[in-house]
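All remarks here apply to the structure that follows.
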2 protein chains.
Amino acid sequence: MKQDSKLSLALHALGHMARAPGQPMTSDVIAQHNATNPVVVRRVLGLLRDKGIVLSEKGHAGGWRLARPPATITLADVYLAIGEPFLRPQPLSDMPSCAVVAAMQGTVLAAMAEAEAVLIRHFTACTIADLGAAMQDGMQQAMRNSL
Amino acid sequence: MKQDSKLSLALHALGHMARAPGQPMTSDVIAQHNATNPVVVRRVLGLLRDKGIVLSEKGHAGGWRLARPPATITLADVYLAIGEPFLRPQPLSDMPSCAVVAAMQGTVLAAMAEAEAVLIRHFTACTIADLGAAMQDGMQQAMRNSL
DNA sequence: GATTCTCGTAACTAATATAGTTACATGAAA
DNA sequence: TTTCATGTAACTATATTAGTTACGAGAATC
């Protein structure tokens with residue numbers, strides 16, 4: 001797989017679920033869509049379950065489905081549920097022994113925090129329903145190739 | 001060392017150079033300031049040299065020094081010279097086979113690009129001279145502990 | 001000229017993070 | 001009872017990054 005894999009895996013799965021809410025998808029099917037392993041899928045979607053974004057059910061006709069209407073789930077919800085922010089402002093040392101380091105940290109951390117805020121603001125403006133809707137829109141071409 | 005180590009190593013070194021422009025610092029001294037190895041320092045500062053930010057000289061009284069006045073070197077210059085952006089918007093696949101993936105990529109990449117732009121805008125507003133100046137300002141406490 | 005100091009760089013090792021895999025337990029429906 | 005699905009631990013594989021060793025080359029000093 002690739003980098004940012006958790007977020008893209010999650011969004012991909014949720015986008016499909018948004019097209020058929022209530023109908024469960026198995027880890028196996030999702031794994032095939034993403035060319036990865038069912039266990040990896042469970043690990044990632046487990047994070048979303050902990051945040052009340054999806055539900056999982058065992059046994060026959062079990063699998064994963066949305067816990068809420070797709071229009072109420074934003075990309076920000078998913079991004080934050082994954083818990084691996086792109087920008088992670090963390091001081092190199094809590095008590096910098098050197099003033100240059102302290103000045104540097106302050107500036108860099110502030111810039112990172114603001115960039116992360118911009119990221120989340122964008123993600124808040126987009127819902128899972130929007131992702132699912134993309135398939136109905138003028139993208140029949142891609143739709144034909146999709147699983 | 002830690003993550004973001006190249007940028008912090010570079011800014012730390014440049015901050016010190018800004019205090020005594022023209023006076024070279026050796027890789028060894030810089031390495032000690034950062035609890036790392038002289039070779040690592042040369043690798044990082046070599047990137048800055050390629051971008052005309054610092055100069056290196058061999059032999060006696062050699063070492064590293066600023067190639068330009070500290071007030072003309074912004075954090076953005078350094079950040080870009082390092083070549084390891086915090087946000088690296090890169091498509092997971094150039095020709096997504098699934099419309100959900102395509103929609104997701106578009107949204108996520110756009111958000112990342114904007115966040116990166118915010119980051120660079122902040123970094124452009126701060127120069128190496130500002131970092132060096134932090135030592136003169138009301139931080140004598142930390143200054144006493146610094147090398 | 002020989003020595004010493006410094007960077008330049010290749011090659012290797014170590015540490016870390018991430019993803020992938022195997023294996024097995026648990027629960028639910030057929 | 002069988003089958004299907006998740007839950008999770010433990011291990012392996014891979015990639016990235018930093019650290020290290022070693023040695024070459026240039027420049028100043030002795």
Side-chain angles (χ1 to χ4, degrees), chain A residues 1-10 12-14 17 22-67 82-88 90 92-93, chain B residues 1-10 12-14 17 22-67 82-88 90 92-93:
Chain A
M1 263 181 115
K2 302 209 183 169
Q3 87 180 83
D4 305 337
S5 55
K6 290 183 188 175
L7 182 61
S8 67
L9 167 56
H12 190 179
L14 292 173
M17 290 178 202
Q23 178 180 343
M25 293 181 75
T26 67
S27 305
D28 227 325
V29 167
I30 297 168
Q32 284 168 23
H33 283 201
N34 287 80
T36 183
N37 191 291
V39 174
V40 174
V41 173
R42 285 179 210 135
R43 283 205 281 244
V44 173
L45 295 189
L47 298 170
L48 306 189
R49 185 191 47 221
D50 296 344
K51 299 297 182 181
I53 296 172
V54 296
L55 299 172
S56 63
E57 278 166 327
K58 295 181 177 177
H60 268 278
W64 301 87
R65 56 196 174 81
L66 299 181
I82 297 295
E84 290 182 3
F86 294 158
L87 268 348
R88 197 186 303 243
Q90 51 188 356
L92 292 176
S93 66
Chain B
M1 261 181 116
K2 302 208 184 173
Q3 85 178 85
D4 305 336
S5 53
K6 290 183 188 174
L7 181 61
S8 67
L9 165 57
H12 190 179
L14 292 173
M17 289 178 202
Q23 178 181 341
M25 295 181 74
T26 67
S27 306
D28 226 326
V29 166
I30 297 168
Q32 284 167 23
H33 282 201
N34 287 81
T36 185
N37 191 291
V39 175
V40 174
V41 172
R42 283 179 211 136
R43 282 205 281 243
V44 173
L45 294 189
L47 297 170
L48 306 189
R49 183 192 48 221
D50 296 343
K51 299 295 181 182
I53 296 172
V54 297
L55 299 172
S56 63
E57 278 166 327
K58 296 180 177 178
H60 268 277
W64 302 88
R65 56 195 174 81
L66 299 181
I82 297 294
E84 291 182 4
F86 294 158
L87 267 349
R88 196 186 304 242
Q90 53 189 355
L92 293 176
S93 67

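These numbers come from a predicted model, not from an experiment. Quick note on labels: first sequence line is chain A, next is B, and so on, each numbered from 1.
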Over how many whole Å does the gap from A:Gln23 atom CD to D:dA5 atom P extend?
-> 13 Å
What heavy-atom pair brings A:Val44 and A:Ala10 nearest, and what distance separates the two atoms?
-> CG1-CB, 4.0 Å
Separation of A:Gln23 CD from A:Met25 CE (nearest 0.5 Å) | 8.5 Å
In what stems does DNA chain C take part, counting only runs of at least 3 consecutive Watson-Crick or G-U pairs whose two distances fall under 3.5 Å?
-> C:1-30 with D:1-30
Starting from P on C:dT6, measure out to CD on B:Gln32 and report it in whole angstrom.
-> 11 Å
Looking at B:Thr26, does any N or O in its side chain come under 4.0 Å of the phosphate oxygens OP1/OP2 on C:dT6?
-> no
What integer distance in Å separates B:Arg88:CZ from D:dA15:C1'?
-> 13 Å
Could you give the CG-to-C1' distance, from B:Asp28 to C:dT4, as a whole number of Å?
-> 14 Å
Take the protein atom CZ of B:Arg43 and the nucleotide atom P of C:dG8, then report the distance between them rounded to whole Å.
-> 13 Å
Interatomic distance, CZ@B:Arg42 vs CG@B:Asn37, rounded to 0.5 Å, equals 8.0 Å
DNA chain D: 5'-proximal contact among A:Met25 and B:Glu84 (nearest heavy atom) = A:Met25
Here the gap from B:Leu14 atom CG to B:Trp64 atom CH2, rounded to the nearest 0.5 Å, amounts to 10.5 Å
Does any non-hydrogen side-chain atom of A:Ile30 lie less than 4.5 Å from one of A:Met17?
-> yes
Nearest 0.5 Å please: distance from the CG atom of B:Leu7 over to the CD atom of B:Glu84.
-> 9.5 Å
Atom pair CG (B:Leu55) and CG (B:Leu48), whose distance is rounded to the nearest 0.5 Å = 11.0 Å
NE2 on A:His33 to CG on A:Asp28, rounded to 0.5 Å | 10.5 Å
Within residues 44-58 of chain B, find the residues that approach DNA chain C with a heavy atom at under 4.0 Å, and present them sorted by residue number.
-> B:Arg49, B:Ser56, B:Glu57, B:Lys58
Any donor-acceptor N/O pair, B:Asn34 side chain to B:Thr36 backbone, under 3.5 Å = no
Within the structure, does a side-chain N or O atom of A:Arg42 lie under 4.0 Å from either OP1 or OP2 of D:dG7?
-> no
Compare the minimum distances between each of C:dC7, D:dA18, D:dT8 and the side chain of B:Lys6, then state the nucleotide with the smallest one.
-> D:dA18
Take atom CG of A:Leu9 and atom P of C:dT18, then tell me their distance rounded to the nearest Å.
-> 15 Å
To the nearest angstrom, the CG-P distance between B:Asn37 and C:dA11 comes to 18 Å
Please give, in whole Å, the distance from C:dT6 C1' to B:Arg65 CZ?
-> 14 Å
Between D:dT21, C:dG20, D:dG19, spot the one nearest the side chain of B:Val39, thanks.
-> D:dT21
On DNA chain D, nearest-nucleotide positions of A:Gly59 versus B:His60: which is more 5'?
-> A:Gly59
